[in-house]
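Take a look at the structure below.
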Protein chains: 2
Amino acid sequence: MKDEKVEGSIIPSTDPHISEYPPKHWKTREWLSGFTGSAGTVAITLEKAGLWTDSRYFLQAENQLKDSGIELFKMDLPETPNLFDWLASELATGNTVGIEGSVYAASEALSLIEKFSKKEIKVRTDFAPYSQLWNDRPALPAHPAFILPERFSGKSCREKIKEVTEALKENKADMTILVGLDMIAWLFNIRGNDVTYNPVCLSYAVVSEQETVLFIRPEKLTEETAAYLREQGVRFADYEKIDEYIRKIPAGTRLLITPAKINYGLYAAIPENCVKVETSIHPVDQLKSVKNETEIAGIRNAMKKDGVAMVRFLMNLEKTLASGEKISEMTIAEKLRHYRGEQALFAGESFGTIAGYGPHGAIVHYEATPESNSELFPEGILLVDSGAQYFDGTTDLTRTLALGPVSGEMKKDYTLVLKGHIALATARFPKETIGMQLDILARQFLWQNGTNYLHGTGHGVGFFLNVHEGPQNIRLNYNPATMEPGMVTSNEPGLYRSGKYGIRIENLTLVIPFQTTEFGEFYAFETLTLCPIDLKLIDFSLMTPFEIDWLNNYHQTVYERLSPLLSEDEKDWLNQFVMKIGD
Amino acid sequence: MKDEKVEGSIIPSTDPHISEYPPKHWKTREWLSGFTGSAGTVAITLEKAGLWTDSRYFLQAENQLKDSGIELFKMDLPETPNLFDWLASELATGNTVGIEGSVYAASEALSLIEKFSKKEIKVRTDFAPYSQLWNDRPALPAHPAFILPERFSGKSCREKIKEVTEALKENKADMTILVGLDMIAWLFNIRGNDVTYNPVCLSYAVVSEQETVLFIRPEKLTEETAAYLREQGVRFADYEKIDEYIRKIPAGTRLLITPAKINYGLYAAIPENCVKVETSIHPVDQLKSVKNETEIAGIRNAMKKDGVAMVRFLMNLEKTLASGEKISEMTIAEKLRHYRGEQALFAGESFGTIAGYGPHGAIVHYEATPESNSELFPEGILLVDSGAQYFDGTTDLTRTLALGPVSGEMKKDYTLVLKGHIALATARFPKETIGMQLDILARQFLWQNGTNYLHGTGHGVGFFLNVHEGPQNIRLNYNPATMEPGMVTSNEPGLYRSGKYGIRIENLTLVIPFQTTEFGEFYAFETLTLCPIDLKLIDFSLMTPFEIDWLNNYHQTVYERLSPLLSEDEKDWLNQFVMKIGD
């Protein structure tokens, strides 16, 4: 920093593709600080260093930062200064903050530059001295890309490119740059293994009326992949050439830009004589989120396979516990991998299984480690959140299970969460509705009791792609993306009693047309996930007849769709587990 | 326009105070077009002219524009171009559009300038040739201001000024300019008669650490008013001097500005060497919206008076209909004025009574005219929306009444509206919740049936001030204002069957603390309005026990609070009208 005349620096945890999970090559913050959590940002001055992370990582960060000289700043506590204020207060007027612009979303970097400029502090966006300092920096992942056949994707790459160029025309733009790996994977019908859990492939792309260019290292293209893409009208360039390409965009070109979906490095490389047409939602994200009929048919099939795996898992869990055999949180993850691995077209997990027993269930995003791993006993509550990648769909579901006797408080909490889940699952809403409007349906019963959960109620889910995708979500926060027929979104209210237990019930849903009346078009959700809900945790005195009907109908659907794929034993077990209420 | 080298012009319907209801002096659009509706904008070119208005005024505008040469553009129809697109298409590159900047909110004018500049069309903001052309232009209203005593307002002007200067400090600003007449009335504890239904007084104000200046015509200040304000530390300047004052603001002054709450004329007059500190919600609007204890006590009292007037009105309506005496929509408004006029501290209506019988009820904002006036018969549905200004509070309530036999469709619609009203009335929600999140509670049962209403669910209500005030509301649209304890907001879901009938049930609510738990602070609504809800329109088979309990409890409260103020006859009638369900 001294050599470069930089007095402060910020190291975030994302990458040039604005990934939620970056490849190791870009885990600069982890390399620098030793902190391995998925979310955290380091700020450095010539004298001090700090790491900001959220409550799920307080303990882990405290341990990993010991003796590092890096101070831990616990986010969202009233006494914690935010990173910007802290760094601004440590620096003087006229100082310079160095950041690596290419690992910042343009929107983030621009806002940082503006905020520091008000403090008369300069921001340099080319500060990345890591190539000299980081000796054993992991190489870029080099796995080959593979084609997702059209019998799964439902649309040729050529058709998708046409949809994108039509969207460009609608937006009066000539060209767009893609950095999001899932956006590129969708558009080109390619998948890869470059990022854990996300079947994506390191690349950039440019789409214009004139040409579609995929920027990818040649060694990642097998002959077959290259042939398919060439046939679809795609031209190739090396991954590293994207910057040069952008610098040479002809004057007057109108570029469609979503500032949260391009890195600042490429954003800044756009020639000044080009016009930036900004949209808050990128057309590729919008197109990708609305699943086509082939994708929907695939997802329904993936749900059956996932349901069968879950039934086998639940049955095995029950037996194992009854037998007195030892079983732990980590065994849960293994068992789930095993049963899912038996299913056709399985391609891996869609995220690290969260199996939280008792107090661990209250730690949102808990992932058992050998140090934390709890043994399970036939009592209390187990929360299991897991999912898979199949070639015909991505799954993500959470079940909360009574392993034995449970308290009245547990039952009340679980029932209120379930009522919220049902209220959202059965919502009807007009065209143009956004997730923020629907969110209260899932929270209303908790709020009536002075309880709440601080995570979102629902996130978009990709098709054999990232388990978290935009543009839509269902959250407390405002997001202008409307819920459109064909979108797949999770429905996952929860409740977490710190030090006691955690509850979450999660199914994936599909937006479908409901009816058109003199008042306009109305939509509904169809629940896609097929897995029984534990009745042992329900306080039926709190449920309405409508809610009990929903539960019975849901279980009937689960049974009807899964039973042809189950053995007699498994069918009996499932039948027993979802025994019709009121009978 | 030719003399001024202006090829296009836009004439909106607001005024320099960004009023919803401007005094006649500023009804330029009405003078120009002959169209008297409250909402409408005219655009003119050298060859053509058009008026844009919404569906409630289609018929009226068609009649009033006949032979004017002004084309009617029906807003919100798919085939109607919007005003900007139409005007831009009629003009050529290099043309100039003239607007009167002072009757535009700065936010509106700035957006217009930006949009036209993209089309290479200039915008002149000083185009107001009306003084020469408009011969009989009404003078500015000259009614005197009067002081609202602290026994009603609950806080001295000096205390309020202190709150404002503290808010300036928090926002790191030195000064703010007030143009909103209700904001000024609140701050200075003054009221007036310059605008129909809104007890405000024509004025501007400036608040800074150094001084508080009220810009008002001297003839509006009685000795008593002037003495009170002087004692509170207020300095006076003439109404017309605001522009000069702003032009002389010292260099470097940091001005707190809410662009939607200052007119563009004054905004543009701010010296360039000043700093604009922008906020989306003006601190005075925020402070005004949170009612103090004296105001809340006053409102509770106003609600009793309004409830007594409503009981007398409802009883009289029932009798009149039974007697066969003639009664019409216009008589309804007169009767309501009569019964409210008998109440202490009555100062007028808070808006023009909406009494819509049968199909007229489906016209949102319908106000009967001698031409439209319907006679009432002992059958079908009557919608009555009305309210009053009392020195101790502003009221606004809607009841939908069965005048005789009603259909099953009417009952179902009414019951679904009522269920929504109850769901919102009984909502509990955490601190930081905004109206958009709550809105679905009132609409959910309608949406389940493919029905909806296109107006907002709730608006803020002033204290002996404008019946519509910000910053909070409950709508389908995003608005960042959070619901805070002390805010008064309407709860008014409805349903309108075009050509048949309209239904709306409206009470005012107060945000109150509910409970504080490990999950944070939670709030609730208290229903303030005291007026029985017509049970004859309810289909009880659609109501839950919880909803029936709410209704019984509400009616018990209405009876308990009103009965000490009612005669024996009136008490008997009320008792009969709200007869406990299930007994």
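Throughout, a chain's letter reflects where its sequence line sits, starting with A, and its residues are numbered from 1. Worth knowing before you read on, the calculation uses all heavy atoms, side chains too, and leaves out hydrogens, waters and symmetry mates.
- No donor-acceptor contact under 3.5 angstrom links the side chains of Thr489(B) and Thr509(B), judged on distance only.
- Interface remark: Thr544(B) contributes no atoms to any contact with chain A (heavy atom separation under 4.5 Å).
- Within the 4.5 angstrom heavy-atom criterion, no atom of Leu446(B) approaches chain A.
- The most heavy-atom pairs under 4.5 Å with chain B, out of Gln515(A), Met436(A), Gln437(A), come from Gln437(A).
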Test side-chain hydrogen bond (donor to acceptor under 3.5 Å, both in side chains) applied to His459(B) and Glu492(B), step by step
CA-CA 9 Å; His459(B) 56 81; Glu492(B) 49 178 313; 3.1 Å; yes
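- Between His421(B) and Tyr554(B), the distance from one ring center to the other does not fall under 6.0 angstrom.
- With chain B as the partner, the residue from Phe514(A), Tyr478(A), Tyr496(A) showing the most heavy-atom pairs under 4.5 Å is Tyr478(A).
- Interface summary for chain A: among Asp439(B), Thr426(B), Asn452(B), Asn449(B), the most heavy-atom pairs under 4.5 angstrom belong to Asn452(B).
- Note: Pro430(B) leads Ser498(B), Pro430(B), Ala524(B) in heavy-atom pairs under 4.5 Å with chain A.
- The two residues Asn491(B) and Ala425(B) have their closest heavy-atom pair at ND2-N, 3.6 Å.
- Panel note: side chain Thr80(A), backbone Met75(A); no donor-acceptor pair is recorded below 3.5 Å.
- With a 4.5 Å cut-off on non-hydrogen atoms, Glu432(A) does not touch chain B at all.
- Atom CD of Glu272(B) is surrounded by 12 or fewer heavy atoms from other residues, nucleotides or ligands within 6.0 Å.
- For Phe84(B) and Phe116(B), the gap between ring centers is short of 6.0 Å.
- If you measure heavy-atom distances from Leu454(A) to chain B, you find no contacts under 4.5 Å at all.
- For Gln444(B), the part sitting under 4.5 Å from any heavy atom of chain A is the side chain, from C-beta outward, and nothing else.
- Note: Thr517(B) leads Ile434(B), Thr517(B), Thr516(B) in heavy-atom pairs under 4.5 Å with chain A.
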